[in-house]
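Here is the structure we will look at, set down as structure tokens.
Letters A, B, ... are given to chains in the order of the sequence lines, protein chains preceding strands, and every chain is numbered from 1.
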Amino acid sequence: MIKVLAMYKNPIITLLSDFGLVDSYVAEMKAVILSINPSATLIDISHNIEPYNVRMGAYILARIVEYFPEKTIHLAVVDPGVGGPRKPIIVETLKALFVGPDNGLLMLAAEKLGVNHVYQIENRRYMLKEISKTFHGRDIFAPVAAYLSLGVPPKNFGKEIFDYVKPSYIKPKIFKNKIVGEIIHLDNFGNIITNITQKHLKTKNITYGKSFQIILGENKPLKVRFLESYFQALKGEIFALVGSGNFVEISENLGNAAKTLNVKTGTKITFIF
Amino acid sequence: MIKVLAMYKNPIITLLSDFGLVDSYVAEMKAVILSINPSATLIDISHNIEPYNVRMGAYILARIVEYFPEKTIHLAVVDPGVGGPRKPIIVETLKALFVGPDNGLLMLAAEKLGVNHVYQIENRRYMLKEISKTFHGRDIFAPVAAYLSLGVPPKNFGKEIFDYVKPSYIKPKIFKNKIVGEIIHLDNFGNIITNITQKHLKTKNITYGKSFQIILGENKPLKVRFLESYFQALKGEIFALVGSGNFVEISENLGNAAKTLNVKTGTKITFIF
Amino acid sequence: MIKVLAMYKNPIITLLSDFGLVDSYVAEMKAVILSINPSATLIDISHNIEPYNVRMGAYILARIVEYFPEKTIHLAVVDPGVGGPRKPIIVETLKALFVGPDNGLLMLAAEKLGVNHVYQIENRRYMLKEISKTFHGRDIFAPVAAYLSLGVPPKNFGKEIFDYVKPSYIKPKIFKNKIVGEIIHLDNFGNIITNITQKHLKTKNITYGKSFQIILGENKPLKVRFLESYFQALKGEIFALVGSGNFVEISENLGNAAKTLNVKTGTKITFIF
């Protein structure tokens, strides 16, 4: 018998992966979870993370954690090292639990909530009987998330570790008259999301209504206004604003800035004041 | 304390948006809802509405409302005017509630059910503490839908308004020997869905088995049979039938009529009898 | 009144279709189900089955059934024959129930669990009042799945039949020095999934670490290693492994083998030893 500390009523388990929405992989994970805990509430974050793109997964996961209620369990699988020596882990924070591979995917989000403990998943009783070499999402992470949702304490799954992977997310470089950052995401509307925050702009005295220049990759400099909302921009205007994730975004009102400016994630972006 | 009139057991909240399925925006709305009402049953309608395409969102939303049970709450966000003067509203009908921007998105569906009252959302206690200028779906509409699902009466959210946006959906023009309509949607199978109904065909004495001509945009006229089901058509035949949404559709049996005929939403379509 | 044998607490109904994720078709089915059984737990398998591709739907459905708990109801609609003489059926197995068209879609999965009975759906009381000629997913299959989830016994829906469609899935041909199979699926990572199993390789004495040649369609022969996990391959190496569905897959480590080798589902693949 599995001993549990407490039984939550409808525990939330979120799922994030690079599995896409054509194959059955996501459904296989959900089937495993519901077989162990039929009361789990399953919420998809995104399964359209670019294949193997741990960093994109980490960014998306970090955006959502503050909005979920306490005791939510976040199951995330972008796992190019599956079948190799990378560890399966549980990250315990005050507010939420995370389950996934030890490759940095979970830590950007977990650090936002404050990491209490990291455990290596070792206890075979909380895994499927047969463990494939290619799909730990289904065979290890899904059952572990389900048992966590039943109230099994994280420490029961394996020993605490301290040498987990801590991703170094590139911070923008601040110069006297410029900030050099990079594009961390292009969203569904073509908003170009940078790793530069409103705080950075404040140090350069950029307030709403002021303008500055941006250089995207090898493009020519482009003058943009810093506005408070899409609505303030002219139709088709390229401008800067603070997005709902608190990063500075370059947007095109009623258009697609990423397509218009032809940029990619990872491209260098320079703000000149 | 929030006072509620009644507590439904597993209230249904549907979600429709142009947020796509890559980003975390949909999950952020769901997280906010479940934080307020953990018992809500969340059903996605579509998050692949073309960005900013209010009309497409209105069409998809209007298709589904009759199939959901009473007291369903429909949360819809296609919101190019976010951050501007457009109002956030609740639409009360006998059967369902709607939450979203006052830009016509909700009204095609709401009018199908009969509009009782429209309220402007003003009461800050039912919104997130911090309200971004770019994502009212998460900061206003999601919490409002959640509080509605707890039984908070619509009138508690703000004053009743009467000057809400009523979309004028283009009706087909009826002539002696022809009907001029337009393409309102192309579905996953390439079915070309028009704004012409079976009623219109009846006035022209078109019954199953009869043929008529269609002109799509600037294309040459094409003779099509009016059939009752895909099955009656020959493989690859382009034909007309009444789709499951009660509009006349131009279809290709086991093919993709939209690709074959190379048409777009909004294209003029003429039926000649 | 509908008489029911038993009421399950939160019965699982899975949904698979070729309806895509843009239109409202999936939501219409869910609305019908929840109107009949508000306690149903709805789990999407995939709605991105290639339009009309019954075989792809059958493959995806067969992958997932073993992972779901007992009494799960699988609703699957890839239904090019809708409106024609093909029968709507319920397939009863010991572990699960299946609802969908009698075109082979359900049988690969059902045979995995052991078919007990197949019933033709005839009883109009378990269908929507108005039945379209084009969307039995919503008008027949969804309400039938919902009533099954309330505990209505399968035999109440119609007479038992024995002449249901049994799909003949092509088995690989075994020769002295080669196996000739075909590509049954290309997944989100570009893994090329064949109908050849590990058992077949064992009969040819292929164990982990050994190499053999593959010929894909008209391509030149390619030597590949048979490995246990992605991790063992070099970056960009094309290799063979046993995937999580127990079929032999041709993969590219951290790449997309399907794109690199430019192959399609249905292509012949020959293993030469």
With a 4.5 angstrom heavy-atom cut-off, which part of [X] approaches chain A: side chain, backbone, both or neither?
X: C:L16; answer: neither
X: C:I193; answer: side chain
X: C:D187; answer: both

*Any residues in residues 52-66 of chain A near chain C, with a heavy-atom distance under 4.5 Å, and which are they?*
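If one takes a 4.5 Å heavy-atom cut-off, the residues of residues 52-66 of chain A near chain C are A:Y52.
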*Using a heavy-atom cutoff of under 4.5 Å, enumerate the residues of residues 21-31 of chain A that contact chain C, numbered in order, or state 'none'.*
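When heavy atoms of chain C are the reference, residues 21-31 of chain A contributes A:L21, A:V22, A:D23, A:S24, A:Y25, A:A27, A:E28, A:K30, A:A31 within the under-4.5 Å range.
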Using 4.0 Å as the upper bound for N to carboxylate O, is an ion pair formed by [Y] and [X]?
X: A:E252; Y: A:K259; result: no
X: A:K133; Y: A:D139; result: no
X: A:R86; Y: A:D79; result: yes

_Side chain, backbone, both or neither of A:D44 within contact of chain C (heavy atoms, under 4.5 Å)_ =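 Answer is neither: A:D44 stays 4.5 Å or more from chain C.
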*asked:* Can you classify the ring geometry of C:F212 versus C:F226 as parallel (below 30°), tilted (30 to 60°) or perpendicular (above 60°)?
replied: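 Tilted: the ring planes of C:F212 and C:F226 meet at 30° to 60°.
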*So, C:H200 versus C:F271, ring centres under 6.0 angstrom or not?*
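Aromatic pair excluded; centres sit 6.0 Å or further apart.
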*Can we call the ring centroids of A:Y230 and A:F189 under 6.0 Å apart?*
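Between A:Y230 and A:F189, the centre distance exceeds or equals 6.0 Å.
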Distance in Å, [X] [atom1] paired with [Y] [atom2], rounded so as to fall on 0.5 Å steps:
X: C:L105; Y: C:F98; atom1: CG; atom2: CZ; answer: 10.0 Å
X: C:I45; Y: C:H47; atom1: CD1; atom2: NE2; answer: 8.0 Å
X: A:H185; Y: A:I192; atom1: NE2; atom2: CD1; answer: 12.0 Å

*Just give me the residue among C:I49, C:N48, C:I12, C:I43 that pairs up with chain A most often, heavy atom to heavy atom, under 4.5 Å.*
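Heavy-atom pair counts peak at C:N48.
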*Take atom NZ of A:K166 as the centre, draw a 6.0 Å sphere, and report whether it contains more than 12 heavy atoms from other residues, nucleotides or ligands.*
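Count over threshold, so yes.
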*On the ring face of C:Y208, is C:K210 found with NZ or CZ under 6.0 Å from the centre and within 45° of the axis?*
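Geometry flag: not set, cation outside 6.0 Å or 45°.
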*Go through the steps for A:S39 and A:N10 under the test side chain to side chain donor-acceptor pair (under 3.5 Å), then give the verdict.*
CA-CA 5 Å; A:S39 300; A:N10 286 306; 4.9 Å; no
*Using a cut-off of under 4.5 Å for heavy-atom pairs, which of A:V82, A:I33, A:T41, A:L42 has the most such pairs with chain C?*
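Answer, by heavy-atom pair count under 4.5 Å with chain C: A:V82.
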_Pick from A:S35, A:P80, A:G20 with the largest number of heavy-atom pairs that fall under 4.5 Å of chain C_ =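 Looking at each of A:S35, A:P80, A:G20 in turn, A:S35 comes out on top.
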*Under 3.5 Å, is there a donor-acceptor pair between the C:N116 and C:T93 side chains?*
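Side chains of C:N116 and C:T93: no pair found under 3.5 Å.
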